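Worksheet: one structure, shown below.
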Amino acid sequence: MKTQNHRRQFIKSMAKGLAGTVLGSSLLPLFANAQSSVGYKALVCINLQGGNDAFNCFVPMGTSAYNSYAAIRQELAIAREQLLPLNSGQQPYGLHNHLLETQSLFNRGKLAVLANTGNLHEPISKQAYFDKTALPPAQLFSHHDQTLYAHTLNQGTLSSGWAGRVAELLAQSNINQQLAMNVSLSGDNYLQRGINRLPYTVRSSGVSMIDQLSEADPTAFSASRARLYRQFLSSTRPNLLQNYYADVQMDAWGMAQYVTDILDSQPMPSLPIFAAANTNSFVQSLAMIVRLIAAQDAFEVKRQVFYVNLGGFDTHRDQLTLHSPLLMQLDQGLGLFYQALEALGLENNVTAFTMSEFGRTLTRNGDGTDHGWGSHHFILGGAVKGGQIYGQLPTLELDSDDDLGRGRIIPTTSFEQYVASLCRWFGVAKDDLNHLLPNLRNFNHPDLGLLG
C-alpha cells in the first residue's frame, strides 16, 4: 500500500503541464463500468502499409465483370467459386476466400465497403489528368509521399496529421487531459501528430517500463536508483535544453507509471481476443486497444483515436503466397475486435476503418502487382450503416475511362470525404471540416453517409 501511495504521489508531481488528478478515485473496475459512458466515441485506424491489393479483396461476381477481372489478373485472379458473396442488394461482389469474418460482419450489417477511394486534391478524370486541367497529388506512386498525404490530407501546407488536428480541436471533450486523445500501437506516425499535442505510444504488450528504475519493491536497489535519477532530473540547470529534456523524461516516466497502474489494477476478462493475442502482433495490438477503450472511465476520456499498422502489403512479387496470410490476420482481428466490443456493450461507440497509401495495379508485375491509385476500404462498427457498398464502383477493364494506364484505377472518392464522414460521427462540427481538411471544399459530398 505504501508503495502504491508513493507511486501516486510521484505521478502527480511528475506530470508537469498535465491538467487534472492522475489517479485518485479514477481507479474503477475496467470492464464493469465500460457501458456507463454513453457519450464515449473512438476511432480505430488500421493502416495497411505498403498498398493493399484491394482488387483481390473485393471482387465482382457478375459473369461479364468477373471475366474481365480474371482476364487481366490471369494467374493472380481469385477463382470465382472461392469468392465469399456479399448480400448487399447491389452489384454482385464477393470477398477474398480468407475474409470469412469480414463477410459475416458485412452480411450482419456491421461492416461496409467504401469503393475506389484514394488521395485527391480535387475530382479528376482521365482526360483532365493527361490535359493537366486537374492535378493529382505530387509523387503519385511513392510510398512515402502518398502515406504522408493520406495521413495529413494536405500537400505540405500543414505540419500536422488530420487526427492530430482533430485532437486539438476536440481537446476539451476529455475530462482528464493526461492521456493523449491519440494513442498509437505502432509507434510514430504522421496521422496523429498535432502542432501542440502529440500522440501517446503503447506497445501491443503494454507500456514500456524501465526495469532498472522499478519502484515495485522500495527496498530494492532499482528503487534507490530511481530516487537518485528523479533527484538528478529535478535539478535546476542554466541550460534551457537540458531542463526541457529533463522535463520530457519526467513526464514520460510519470505517464508510463500512470497508464500501467490503471491497466494493472483491472481484471482481465475472458474474451477470445485476449486468448488469441499471441497468434500474431496485429491481434495483440487490437487486444491492447480493447483494454484501453474499456478503461475510458478510469482515464476519464470521452474521445480517443487509435492507430495500428499492419505491414507487408507491398506485394511486387509472390503475391498469392504473401497476400493471403495478411488478409487472414486482418480478418481474424476484425472479427475478434468486434466480438469484444459487443461483449463490452461498446460496439456503437467505436468505429474501425482501414486505410492504405494507395491501391495496386490490375495488371500483373510478374507474380505480383505494382503501385496503383484507387482502392477499396472497410468500415466496421455498430454505428456503421453496414451491409452496403458506398462510392462508385470502377470498371475493371484496361484502357477504360477509369484506367490511368496499366490498370491504375483513378479514385472517384477522396480520402477527404472518407475522413470527413468519420469526423462528423466523431463529433467535429460541420463548419470545422474545411479547416481540418483543406481540400474538402473541392468535393460536392463531404459526408458519404457511412455512419448513423
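Predicted model, so just to flag it, every value in this text is computed and none were measured.
- In terms of heavy atoms, Asp432 sits closest to Val428 at CB-CG1, 4.0 Å.
- Counting heavy atoms from C-beta outward, Asn52 and His323 have side chains that approach closer than 4.5 Å.
- Leu437 CG to Arg165 CZ: the interatomic distance, rounded to the nearest 0.5 Å, is 6.5 Å.
- In this model, no donor atom of one side chain and acceptor atom of the other lie less than 3.5 Å apart for Arg193 and Asn182.
- The aromatic rings of Tyr93 and Phe58 lie parallel to each other, with less than 30° between the two planes, well short of the 60° mark.
- Residues Tyr200 and Val207 meet the side-chain proximity criterion, which asks for heavy atoms closer than 4.5 Å.
- Side chain of Thr279 to backbone of Ala276: a donor-acceptor contact under 3.5 angstrom is found.
- The two atoms that bring Gly118 and Pro411 nearest to each other are N-CB, 3.5 Å, heavy atoms only.
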Problem - side-chain hydrogen bond (donor to acceptor under 3.5 Å, both in side chains) between Gln146 and Asn119, worked out - result: CA-CA 7 Å; Gln146 296 313 301; Asn119 291 333; 2.9 Å; yes
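- Note that OG1 of Thr361 is 9.5 Å distant from NE2 of His371, once rounded to the nearest 0.5 Å.
- With contacts defined as side-chain heavy-atom distances shorter than 4.5 Å, the pair Leu448/Thr413 qualifies.
- Taking a cutoff of 4.0 Å between a charged side-chain nitrogen and a carboxylate oxygen, Arg360 and Asp314 qualify as a salt bridge.
- Of the possible donor and acceptor atoms, none in the side chain of Asn174 sits under 3.5 Å from a partner among the backbone N and O of Glu300.
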Exercise for the section: List the steps, then state whether ring pair (Phe, Tyr, Trp, His ring centres under 6.0 Å) holds for Phe415 with His377. Expected result: CA-CA 11 Å; Phe415 266 125; His377 292 285; 5.7 Å; yes
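- Shown here is Asp401, whose CG atom has no more than 12 heavy atoms of other residues, nucleotides or ligands within 6.0 Å.
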Exercise for the section: Tell me, with the steps shown, if Arg108 and Glu342 meet salt bridge (charged side-chain N to carboxylate O under 4.0 Å, His left out). Expected result: CA-CA 13 Å; Arg108 288 173 55 200; Glu342 285 186 312; 2.8 Å; yes
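- Annotation: side chain of Val166 is not in contact with side chain of Leu169 (no heavy-atom distance under 4.5 Å).
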Practice task
Step by step, work out the side-chain contact (heavy atoms from CB on, under 4.5 Å) result for Asn176 and Val301.
Solution key: CA-CA 6 Å; Asn176 190 340; Val301 293; 5.5 Å; no
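- Put simply, the side chain of Leu362 reaches to within 4.5 Å of the side chain of Leu396, judged on heavy atoms.
- Residue Gln417 holds its CD atom at 8.5 Å from CG of Asn444, rounded to the nearest 0.5 Å.
- Taking the six-membered ring where the residue is Trp, His143 and Phe358 present tilted rings, their angle falling between 30° and 60°.
- The aromatic rings of His151 and Tyr190 sit perpendicular, their planes meeting at an angle over 60°, well past the 30° parallel limit.
- The closest side-chain donor-acceptor pair between Gln49 and Asn309 falls under 3.5 angstrom.
- Across all non-hydrogen atoms, the minimal contact from Gly449 to Ser421 is N-OG, 4.4 Å.
- With a 4.5 Å cut-off on side-chain heavy atoms, Val384 and Leu111 do not count as touching.
- With contacts defined as side-chain heavy-atom distances shorter than 4.5 Å, the pair Gln91/Leu393 qualifies.
- For the 3.5 Å distance criterion, the side chains of Gln284 and Asn280 fail to qualify, holding no donor opposite an acceptor.
- At distances below 3.5 Å, not a single donor-acceptor pair connects side-chain atoms of Arg317 with backbone N or O atoms of Gly368.
- The OG1 atom of Thr133 lies 7.0 Å from the CD atom of Gln127; values are rounded to the nearest 0.5 Å.
- Side-chain atoms of Asp331 come within 3.5 Å of backbone N or O of Thr102 as a donor-acceptor pair.
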Handout entry: Trace of the side-chain contact (heavy atoms from CB on, under 4.5 Å) decision for Tyr390 with Ile379
Key = CA-CA 10 Å; Tyr390 293 86; Ile379 308 97; 5.9 Å; no
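- A side-chain donor from one of Gln304 and Tyr40 sits under 3.5 Å from a side-chain acceptor of the other.
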Exercise for the section: Kindly indicate, with the supporting measurements, whether the criterion side-chain contact (heavy atoms from CB on, under 4.5 Å) is fulfilled by Leu120 and Trp373. Expected result: CA-CA 10 Å; Leu120 288 171; Trp373 194 356; 3.7 Å; yes
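- Looking at Asp367, its side chain does come within 3.5 Å of a backbone N or O of Asp318 through a donor-acceptor pair.
- Ser142 contributes no side-chain N or O that, together with a main-chain N or O of Gln139, makes up a donor-acceptor pair within less than 3.5 Å.
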Exercise for the section: Tell me, with the steps shown, if Thr369 and Arg364 meet side-chain contact (heavy atoms from CB on, under 4.5 Å). Expected result: CA-CA 5 Å; Thr369 51; Arg364 295 183 307 144; 5.7 Å; no
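- Between Asp53 and Arg73, at least one side-chain N (NZ, or NE/NH1/NH2) sits under 4.0 Å from a carboxylate O, which counts as a salt bridge.
- Nearest heavy atom pair, residue Ile195 against residue Ser159, reads CD1-OG, 3.4 Å.
- The pair Asp403-Arg408 does not meet the salt-bridge criterion, since no charged nitrogen lies less than 4.0 angstrom from a carboxylate oxygen.
- The backbone N or O of Ser281 lies less than 3.5 Å from a partner atom in the side chain of Ser285, making a donor-acceptor pair.
- The CD atom of Gln103 sits 4.5 Å away from atom CG of Leu84, with the distance rounded to the nearest 0.5 Å.
- Asp188 and Tyr307 form no side-chain donor-acceptor contact under 3.5 Å, judged by distance and modelled atom types alone.
- Taking each heavy atom of Pro394 and His376 in turn, the nearest pair found is CD-CE1, 4.0 Å.
- In this structure, Gln192 contributes its side chain and Val183 its backbone to a donor-acceptor pair below 3.5 Å.
- No side-chain heavy atom of Leu330 sits less than 4.5 Å from a side-chain heavy atom of His98.
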Practice task
Output, in order, the C-alpha distance, side-chain angles, deciding distance and verdict of side-chain hydrogen bond (donor to acceptor under 3.5 Å, both in side chains) for Tyr149 and Asn439.
Solution key: CA-CA 11 Å; Tyr149 189 96; Asn439 296 314; 3.0 Å; yes
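- Rounded to the nearest 0.5 Å, atoms CG (Leu322) and CD (Gln319) are 8.5 Å apart.
- Using a distance-only test at 3.5 Å, with no hydrogens or angles considered, no donor-acceptor pair links the side chain of Lys302 to the main chain of Lys41.
- Closest heavy-atom contact between Tyr69 and Pro60: CB-CG, 4.3 Å.
- With hydrogens and angles disregarded, a donor-acceptor distance shorter than 3.5 Å links the side chain of Tyr66 to the backbone of Arg80.
- We find that Arg303 and Glu168 are not joined by a salt bridge, their nearest charged nitrogen and carboxylate oxygen being 4.0 Å or further apart.
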